[in-house]
Amino acid sequence: MHVFPLRLALALALAASSAAVAQQQPVTYPLPSAADQALRTQLLEDTLYIRQHYTKTEYQIPMRDGVKLYTVVYAPYDADKVRYPILLNRTPYSVGPYGPGKYKYTLGPSSTMMREGYIFAYQDVRGRYMSEGEFVDVRPALDERQRRKTDTDEGTDTFDTIEWLLKNGPRHNGRVGQWGISYPGFYTATGLLSRHPALRAASPQAPIADWFWDDFHHNGAFFLPHAFNFYASFGLPRPKPTPTGYPAFKHGTPDGYDFFLKMGPLKNADARYYQGQVAFWKDLVAHPNYDEFWQARNLRPRLKSLHKNTAVLTVGGFNDAEDLFGALKIYESIEQQNPGLRNSLVMGPWVHGGWARGTGELVGNVEYGTSPSLYYQQEIEAPFFRTHLKEGKPAATPAPEATIFESGTNRWRTFTAWPPAESVPRTLYLQPAGGLSWDQPAAAPSGEFDQYLSDPAKPVPYTEATTTGMTKEYMTDDQRFASRRPDVLVYQTEPLAEDLTLAGPIEALLHVATTGTDADWVVKVIDVYPDDTPDNLRLNPSVKLGGYQQMVRSEVMRGRFRNSFEKPEPFVPGQVTAVPFSVPDLCHTFRKGHRLMVQVQSTWFPLVDRNPQTFVPNIFEADEKDFQAATHRVYHSSQYPSQLKVRILGQ
């Protein structure tokens with residue numbers, strides 16, 4: 001079934017009288033807001049608008065090595081009279097529907113931009129769907145000094161596509177922009193390496209920056225359901241161009257915790273399910289450490305000497321379960337290596353791609369005010385492309401360097417740098433008896449550590465939801481279910497006497513010891529609501545916000561990589577060891593009367609695969625016998641102060 005008729009039918013159904021529907025259907029939560037209702041109506045109007053105002057043409061665009069890439073162009077009906085800019089989206093996820101008379105249900109980054117008028121070009125990247133050639137996951141960028149005329153990478157494919165469209169596509173104004181979310185965000189970031197002079201604006205959104213940290217690895221730990229489910233369909237071979245993809249994997253149960261626990265060690269994934277058909281899974285197994293394979297897929301050092309006329313707007317979501325790292329690091333890398341380039345960052349409260357796929361008002365049980373997505377689309381994204389592609393010159397008032405949504409207060413803030421230059425570094429220390437404060441622990445003859453038994457056979461779940469995948473809501477989930485387990489340590493402040501805003505990255509330093517030889521360490525930063533917090537009437541009445549433990553940031557560290565991601569090393573049983581690691585940025589205000597909580601644990605299942613807790617050369621090849629329970633200690637003494645270095649922002 002094509003996407004267009006499915007979405008059109010959905011829009012028609014949603015646009016029906018809500019009163020009539022309410023009489024026939026049970027109540028579903030969350031209850032829609034005015035912005036939700038407007039979005040539903042807009043969806044229907046967009047599908048009709050495209051057919052009334054755009055014409056579709058399909059091309060096979062030749063690259064410098066002769067491979068042809070399938071490209072669909074939607075041009076306004078009056079493009080022969082009005083000179084529009086070109087806006088390019090390169091994707092591995094299909095540019096369908098294919099064939100004449102079959103139209104997308106929406107065009108461009110937003111409905112606002114579709115109505116402003118652009119020539120929208122969508123391209124299947126090399127080796128995907130209807131394009132020729134061989135697909136390579138996160139294809140490494142070539143060294144330009146050694147590249148031959150017919151050598152290709154994503155930068156050359158972008159250059160050749162832009163060049164061909166300028167010469168052979170619809171009439172245009174000579175300016176090109178590029179945007180994309182997730183994998184297409186990666187292709188937008190690599191598109192900057194084309195350095196084409198006509199590329200005046202690029203917006204990498206939730207882009208992959210370095211695949212040892214993005215998506216499937218976090219500080220060396222493996223995000224199991226996300227990778228397994230994705231590659232079970234995306235990773236299957238495509239022998240020749242085709243308009244269809246593979247269906248999603250069927251687990252045979254809604255219980256992902258049970259499914260992945262029964263799967264056993266990671267090596268069973270291929271033996272039982274993939275059966276040698278997924279090439280990239282073999283790459284994962286062959287490269288468990290940050291070796292040359294992964295380093296070649298680190299885009300960050302390549303993002304230098306970009307074309308001076310190209311403006312960049314990197315976009316990400318603080319609740320993005322997939323590519324939070326990528327957005328922050330793409331922006332940072334461009335900023336550090338291209339002085340003077342127009343380079344900006346937007347970070348909102350969104351899940352993965354949420355700025356383009358909903359109102360952004362709710363993530364799980366947490367509300368963020370009136371449509372952060374619509375504000376972004378109309379006040380930030382559309383003006384960015386309009387300025388650089390239509391007007392062709394910077395605005396009289398430059399766009400802010402960083403436009404950041406502050407959760408807790410639910411407001412947008414602008415900064416001249418990110419992290420904010422005005423933020424002040426402070427250190428939070430874990431304390432005896434579950435305390436958490438700014439004071440370094442005093443010397444104590446006893447009570448210098450907390451300990452727990454970590455058992456890979458009974459790992460801590462990452463969510464209360466029954467799911468076979470990685471839920472987007474886990475980033476804001478209530479953590480009370482975890483804090484009540486004996487294998488989760490809890491530290492918290494007293495109720496805050498005034499608002500406390502944390503902005504920027506967090507640097508964790510745990511002093512630990514274990515009876516095993518390997519271990520994972522998970523740190524979660526949590527906003528604990530007062531017990532008398534009223535419930536949200538939009539949510540299911542079963543959701544009680546009094547005492548809610550909202551996770552606002554979390555990260556895992558695979559202990560074997562504590563000193564080097566290239567050369568892992570075991571722990572010495574019983575020896576106190578420092579485990580430093582980075583936790584991604586946040587911008588959140590813990591309100592007066594709330595508490596700031598930190599939880600520490602060593603399993604986070606099935607979100608993260610199980611560490612055997614016995615050091616093995618390659619966890620992807622571990623056997624059942626390698627998985628052993630171990631007792632872990634976390635120290636909070638004057639000699640071994642476990643801590644979080646944060647940055648505090650004034651109001």
Side-chain angles (χ1 to χ4, degrees), residues 213 216-226 257 260-261 319 321-322 324-325 428 430 434 436 449-464 470-471 474-492 505-514 516 518-527 549-562 565 571 577-584 586 596-613 619 627 629-636 642-646:
W213 277 266
F216 307 134
H217 289 96
H218 286 225
N219 289 316
F222 186 58
F223 270 42
L224 175 56
H226 183 42
Y257 187 99
F260 288 107
L261 196 60
N319 291 316
E322 299 180 39
L324 171 59
F325 177 97
L428 273 169
L430 308 190
L436 183 69
F449 60 82
D450 296 311
Q451 68 181 28
Y452 54 94
L453 179 68
S454 176
D455 188 352
K458 298 178 180 179
V460 180
Y462 82 98
T463 177
E464 288 185 293
M470 178 177 65
T471 70
Y474 97 83
M475 301 285 278
T476 62
D477 272 354
D478 186 353
Q479 298 300 305
R480 281 179 283 196
F481 76 94
S483 64
R484 293 164 180 160
R485 285 185 57 120
D487 47 0
V488 176
L489 302 180
V490 178
Y491 305 89
Q492 62 180 334
I506 298 173
E507 296 300 327
L509 174 60
L510 300 182
H511 289 95
V512 303
T514 175
D518 198 2
D520 288 350
W521 307 95
V522 178
V523 165
K524 299 183 292 189
V525 178
I526 295 163
D527 185 340
Q549 295 178 9
Q550 178 198 341
M551 191 164 72
V552 295
R553 185 55 68 239
S554 56
E555 191 56 288
V556 57
M557 177 68 192
R558 183 136 285 174
R560 61 175 46 216
F561 295 118
R562 63 194 179 278
F565 288 99
F571 286 87
T577 306
V579 179
F581 60 101
S582 297
V583 178
L586 78 166
L596 193 162
M597 175 185 285
V598 172
Q599 293 182 5
V600 180
Q601 60 199 63
S602 290
T603 52
W604 211 16
F605 192 76
L607 182 69
V608 173
D609 72 306
R610 296 173 302 145
N611 190 317
Q613 303 189 147
I619 290 179
F627 290 78
T631 297
H632 301 326
R633 290 179 173 179
V634 176
Y635 286 77
H636 42 65
S642 294
Q643 59 195 257
L644 299 181
K645 292 184 178 180
V646 300

Checklist entry - Between S454 and Q613, do the side chains contain an N or O donor and an N or O acceptor separated by less than 3.5 Å? => result yes

Next on the checklist: Counting C-beta onward and ignoring hydrogens, is there a side-chain heavy-atom pair between V525 and S554 closer than 4.5 Å?
Outcome noted: no

Item to check | Residue pair L509 / L644, side-chain heavy-atom distance below 4.5 Å | outcome: no

Next on the checklist: For a side-chain hydrogen bond (donor to acceptor under 3.5 Å, both in side chains) check, start with the C-alpha distance between S582 and E507, then their side-chain angles and the critical distance, and finish with the verdict.
Outcome noted: CA-CA 5 Å; S582 297; E507 296 300 327; 3.0 Å; yes

Item to check | Heavy-atom pair with the smallest gap, counting every atom of Q549 and S483 | outcome: OE1-OG, 3.3 Å

Checklist entry - Pick one: which of K524, R484, Q601, M597 meets side-chain contact (heavy atoms from CB on, under 4.5 Å) with V490? => result M597

Checklist entry - Should Q643 and K645 be marked as a side chain to side chain contact (heavy atoms under 4.5 Å, CB included) after you check the CA-CA gap, both sets of side-chain angles, and the distance that decides it? => result CA-CA 7 Å; Q643 59 195 257; K645 292 184 178 180; 3.5 Å; yes

Checklist entry - Any side-chain heavy atom of N611 within less than 4.5 Å of one from R558? => result yes

Checklist entry - Which class fits the ring pair W213 and F325: parallel under 30°, tilted 30 to 60°, perpendicular over 60°? => result parallel

Checklist entry - Relative to the ring of F222, is the ring of H217 parallel (under 30°), tilted (30 to 60°) or perpendicular (over 60°)? => result tilted

Item to check | Straight-line distance of H226 NE2 to E322 CD, nearest 0.5 Å | outcome: 4.0 Å

Checklist entry - Are Q599 and V523 close enough that some pair of their side-chain heavy atoms sits under 4.5 Å apart? => result no

Next on the checklist: Which residue is it: T463, I526, V488? I am looking for the one with a side-chain contact (heavy atoms from CB on, under 4.5 Å) to Q479.
Outcome noted: I526

Checklist entry - Do L224 and L607 come close enough that some side-chain heavy atom pair is under 4.5 Å? => result no

Checklist entry - If you look at every heavy atom in D609 and A221, which pair is closest and at what distance? => result OD1-C, 4.4 Å

Item to check | CA sep, side-chain torsions, deciding dist, call: D527, L596, side chain to side chain contact (heavy atoms under 4.5 Å, CB included) | outcome: CA-CA 5 Å; D527 185 340; L596 193 162; over 6 Å; no

Item to check | Pair V460-W604, side chain to side chain contact (heavy atoms under 4.5 Å, CB included): steps then yes or no | outcome: CA-CA 5 Å; V460 180; W604 211 16; 5.6 Å; no

Next on the checklist: Among D487, D520, T514, which residue satisfies the side-chain hydrogen bond (donor to acceptor under 3.5 Å, both in side chains) criterion with H632?
Outcome noted: T514

Checklist entry - W521 versus V512: any side-chain heavy-atom pair under 4.5 Å? => result yes

Checklist entry - Is there a donor-acceptor pair under 3.5 Å between the side chain of S642 and the backbone N or O of H511? => result yes

Next on the checklist: With a 4.5 Å cut-off on side-chain heavy atoms, are D455 and F627 touching?
Outcome noted: no

Checklist entry - With a distance cut-off below 6.0 Å to the six-membered ring centre and an angular limit of 45° from the axis, does R562 pair with F581 as a cation-pi contact? => result no

Checklist outcome for this item: For R485 and P461, the nearest pair of non-hydrogen atoms, with its separation, is NH1-CD, 3.5 Å

Checklist outcome for this item: Scanning both residues in full, the closest heavy-atom pair of L261 with A457 reads CD2-O, 3.9 Å

Item to check | Pair N219-F565, side chain to side chain contact (heavy atoms under 4.5 Å, CB included): steps then yes or no | outcome: CA-CA 8 Å; N219 289 316; F565 288 99; 3.8 Å; yes

Next on the checklist: Parallel, tilted or perpendicular, judged at 30° and 60°: which one describes the rings of Y474 and Y462?
Outcome noted: perpendicular

Checklist entry - Taking atom CG of D477 and atom CE of M551, what is their separation to the nearest 0.5 Å? => result 6.5 Å

Checklist entry - Hey, are the side chains of V552 and Q550 touching, using non-hydrogen atoms and a 4.5 Å cut-off? => result yes

Checklist entry - Between P606 and P225, what is the shortest heavy-atom contact and its length? => result O-CD, 2.6 Å

Checklist entry - What residues form a salt bridge (charged side-chain N to carboxylate O under 4.0 Å, His left out) with D450, not counting sequence neighbours? => result none

Checklist entry - Taking the six-membered ring for Trp, is the centroid-to-centroid distance between F449 and H636 below 6.0 Å? => result no

Item to check | R610 side chain vs P456 backbone, donor-acceptor pair below 3.5 Å | outcome: yes

Item to check | For Y635 against A513, the heavy-atom pair lying closest together | outcome: CE1-CB, 3.9 Å

